[in-house]
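We use all heavy atoms of the structure for the numbers below, so side chains are in, but hydrogens, waters and symmetry mates are not.
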Amino acid sequence: MIGGLSFVFANPAMLAALVALPVIWWLLRMTPPRPAAEVFPPLRILASVIKREETPSKSPWWLTLLRMLMAAAVIFAIADPVFNPRSNTLATSGPLALLIDNSWAAAPDWERRVEAASALIDDAEAKDLAVSIVFTGERQHDATPGSAGTARNRLAAVGPEPLPADRRSAIAAMQTAFRDTPPGTIAFITDGIEAEDGKTMETLAGIGAADLKVIEADGSQAVALTDSSNESNGMAVMASRLKTDDSRSLPIVAFDARGRAIANGTIDFAPGAATAKGTIEAPFELRNDFARIGIEGAATAGATHLLDDGFRRRRVALLSGEARDLSQPLLSPLYYINRALAPYADLVEPRETDLAVAIPELLQQRPSVLIMADIGRLPEETYPLLAKWIDNGGTLIRFAGPRLAAAPADDPLVPVTLRQGERALGGALSWSEPQPLADYPLNSPFAGMPRPTDILVKRQVLAEPTADLVERTWANLADGTPLVTTAARGTGRIILFHVSAEATWSNLPISGHFVEMLRRSVQLSRSGGIAAEDRAAQPQTLPPYRLLNADGLLVAETANARPLDIVPGKAPLATPENPPGLYGSEDGFTALNLLPRDAQLKRIDMAAAGPYTSERLTAAESWSLKPALLTLALLLLLADAAIVLFMGGAFSRSRMAKAATALFLVMAAAALLPPPQALADDARPDDARILERLDTTHLAYVVTGEEDVDRLSESGLRGLTDFLTYRTTLEPGAPVGLDIAKDELSFYPIIYWPISASAPMPSPQTVSRIDAYMRAGGTVLFDTRDQFSSLGASSGGTSPNAERLQAILANLDIPPLEPVPADHVLTKAFYLLTNFPGRYTGSPLWIEAQLDNREELSDRPARSGDGVTPIMITGNDFAGAWAVDSNGVAVLPTVPPDEMQREYAFRSGVNIMMYMLTGNYKADQVHVPALLERLGQ
């Protein structure tokens, strides 16, 4: 052992050659016998004239030492010293049992876990042992021992899952398989996180194996986001970590629905702390665009926290019939409402006391909820405004009081018909007693909340009995009279509390129960006054919409997930049947995260394991000193050669001068030769090439490697460039062919990609570059060019080009797509178009679905999409229609032959380019009159 590392020689017998070092030393230091001297007079004369070359009788000691070191390095290299050598220490009394955690925490170092398991399988095969392999992330387990080859196949077919490790069922399968004959060795490759029951090692040791190995990482990457809340000053995010030895700061990022990072913050862990809280400070409007929160640099399902509509912070408008805020704040109807909702919503109040002015002013701020406290009769002109706002999705919450009790019974803004006057409970003139609350109905959003026993109601407004009163009631008093009633109006809702918002009619407003009732009522609405579908705490079953994979990415593969059952008052949990993700549809969904609220990561308790061997993934790698020793021997040999040359006079002044002269002549000849043009181009500085690309707009296309396809793409974009120059003020530069695996893509607003099934499939790294380009705001126009060939295909058939496109898109995080709607900006960005033909006409142009605009009014003539679509797909062969030769003559005919079709193909290209450069500019209302005039409307 050296510094905690094991050290052995792979070929220790070669160390016997070290005994030859003294012999080598003697040979190097041996002196030949001195020759006998004979006196010869002419030689004495010559000795005084000619300088003799002297040969030392001995080599210098330092040169001899250098050569000895070189010989020793070669001997040690042949002996092959190895650090951390693998030792096959498996017990031979039974099969090898592998228990592997393929949970979310194993995703970052999964490949190393696979290598560790493969090495154990190799050891078992070397000892002719059967292998049982079980994964804690699988739904079904088969722990029956089999051959090593079978175990390798199962290991290769399994990957990390976006779920916590389910060791209970996995260990139960191993107990069943080894009931009669215990295994020789159990190797537990774990993520280090303890299960809920806390008995992992106890049950594992109970199997009775002769040897128990525990292999785990250091746990520094096991960090998970557990909860989030939209507070008044920002989005609060809670996290838990496994390794708590030191302080740690984690950067967190908030992403919108298109995957763009729009805000960030940090979570700081104190030394020894397993949990911490951080805040992403952002404006209210920006926080409502958060779709998910992630830990920067941590690609796991635990480091991703999904958000749905329930996490959005609502804007709530407050309106009161009283004006006692300053003189008697505790008697103000809005005092307790304000205190209850301030941590959960952004509250706005009118600047005017005149309701005819205050209500339109509040509605212009697009609140999700309007709360009216003790307002009986409204100005006549405000009823249509409020009715329209509610029909479009607004939520109106009203509180009773003296004014509402005296209002006419035909008020259209109450959910039930009310009796005039108020009911008094208790007092000298009443036979009844103040009433407590009853249990909440199952159809109520308050279902699941404990019934309060300390709340008493002394006054209320009564509802007239009707056939649907029970269905409209969310809360009752103990005597059966309604306390909270509701009614749906259009896509919105009206909610009425039959008591006042201050503490004169009941003590409900001064209880914590009041806060939760208001929060749940507000959360039923949607941001911007657009309400969600009626989810009034009815039990629901939601289909999987997008699921989270082990790397923390949302994918559309939902075949293996079951619908999620939503039960009022019960938070759903992530299971193998319901993995974390989004459940619902594009119109509305619920987020199911990996870990429940307030979850905490804890280390596995090893105390109950008994004797076991612990190994680290970081220490399992063996490495050899042989390459380093051979390199050292080579360097010593080169040094010895240089020393011998120096001692022999090879570096004398005359010889150095001759070598320098020859080198100068060679360099001068090379400088006089004209460099090839290709080398000159490659030698151009990168800054000059960047400035050339940024100087003007260029149309770009993907070089597929097929000469005819690339030539057609270049001709097509050149034709579109000429058309843009002649018809618009845009003067693009020459088209640019891109190697998307190497070239910089951010210089180009749009990239044309002709799909060819026979072209090489792009690598995952290349697809990642395209994905990053699209996330950064660029757009890729995929053209399968197969519309004509698909006309003869059988129903439901797919062309080879379309199959290749599906394979490329399978690795991209693309948004939902739809054909270009009739009112989209693309239809009027420059020309007024109804379709987008190319060389063919039958394929629609697919773009990102504008899911957030469905709530707009049907009579609005333009859509205001959020940005530009990152992807376009067509099969109409745009480049084939745009392609022209050097004389401006079309290269290919349209199908069917029609020059107007080619004209509209060019116009489609112009609209696409203008849309890319100006975004949703033409969706502004200022353009509507001109567009309608052009359309003759």
Closest approach of [X] and [Y], non-hydrogen atoms and distance?
X    : Y    : result
F830 : R727 : CZ-O, 3.7 Å
M914 : T918 : O-OG1, 2.6 Å
A261 : V253 : CB-CG1, 3.5 Å
A107 : A299 : CB-O, 4.5 Å
W104 : P108 : O-CD, 4.1 Å
L845 : L781 : CD1-CD1, 4.2 Å

Does a donor on one side chain and an acceptor on the other come within less than 3.5 Å for D710 and T704?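 There is such a pair (donor and acceptor under 3.5 Å, judged by atom type) between the side chains of D710 and T704.
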Scan side-chain atoms only and decide if T784 and D786 contain a donor-acceptor pair under the 3.5 Å cut-off. yes
Ring pair (Phe, Tyr, Trp, His ring centres under 6.0 Å) partners of Y773, counting only residues at least two apart: none
So, do F906 and F723 have ring centers that fall under 6.0 Å from each other? yes
Charged N-O contact under 4.0 Å between E899 and R902: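 Answer for the salt bridge query: yes.
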Is R785 paired with E706 through a side-chain N to carboxylate O contact shorter than 4.0 Å?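 Looking at E706 and R785, the cut-off is not met.
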Heavy-atom check, side chain of [X] versus side chain of [Y], under 4.5 Å:
X    : Y    : answer
L547 : P544 : yes
T721 : P735 : yes
L542 : T590 : yes
V820 : F836 : yes
V555 : R546 : no
T874 : F782 : no
L809 : I873 : yes
I871 : L817 : yes

Plane angle bin for F589 and Y545 - parallel if under 30°, tilted between 30 and 60°, otherwise perpendicular: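 Rings of Y545 and F589: parallel, as their planes differ by under 30°.
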Look up atom [atom1] in [X] and atom [atom2] in [Y], then write down how far apart they are to the nearest 0.5 Å.
X    : Y    : atom1 : atom2 : answer
I755 : Q806 : CD1   : CD    : 11.5 Å
Y752 : L738 : OH    : CG    : 14.0 Å
L306 : L594 : CG    : CG    : 10.0 Å
D109 : E115 : CG    : CD    : 10.5 Å
L548 : L582 : CG    : CG    : 8.5 Å
R839 : D783 : CZ    : CG    : 11.5 Å

Assess the residue pair H305 and L307 against the criterion (side chain to side chain contact (heavy atoms under 4.5 Å, CB included)); give the C-alpha distance rounded to whole Å, side-chain angles, the decisive distance to 0.1 Å, and a yes or no. CA-CA 7 Å; H305 191 78; L307 305 175; 3.8 Å; yes
Is E803 atom CD crowded by more than 12 heavy atoms from other residues, nucleotides or ligands, each under 6.0 Å away?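 Result for CD/E803: enclosed.
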Take atom CD of E744 as the centre, draw a 6.0 Å sphere, and report whether it contains more than 12 heavy atoms from other residues, nucleotides or ligands. yes
So, the side chain of [X] versus the backbone of [Y]: is there a donor-acceptor pair under 3.5 Å, distance only?
X    : Y    : answer
H698 : V736 : no
K828 : D823 : yes
D877 : G838 : no
D551 : L553 : no
D739 : A741 : yes
T841 : P837 : no
W110 : N102 : no
T827 : H824 : yes
T766 : I740 : no
S843 : G875 : yes

Could you walk me through whether I293 and T304 pass side chain to side chain contact (heavy atoms under 4.5 Å, CB included), step by step? CA-CA 6 Å; I293 301 171; T304 301; over 6 Å; no
Could you check I770 against W753 for side chain to side chain contact (heavy atoms under 4.5 Å, CB included), going step by step and ending with a plain yes or no? CA-CA 11 Å; I770 287 292; W753 190 336; 4.0 Å; yes
Face-on cation placement of R907 at Y904 ring, 6.0 Å and 45° thresholds: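 Here R907 passes the 6.0 Å and 45° test against Y904.
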Would you please test T779 and I751 for side chain to side chain contact (heavy atoms under 4.5 Å, CB included) and show each step? CA-CA 6 Å; T779 296; I751 298 176; over 6 Å; no
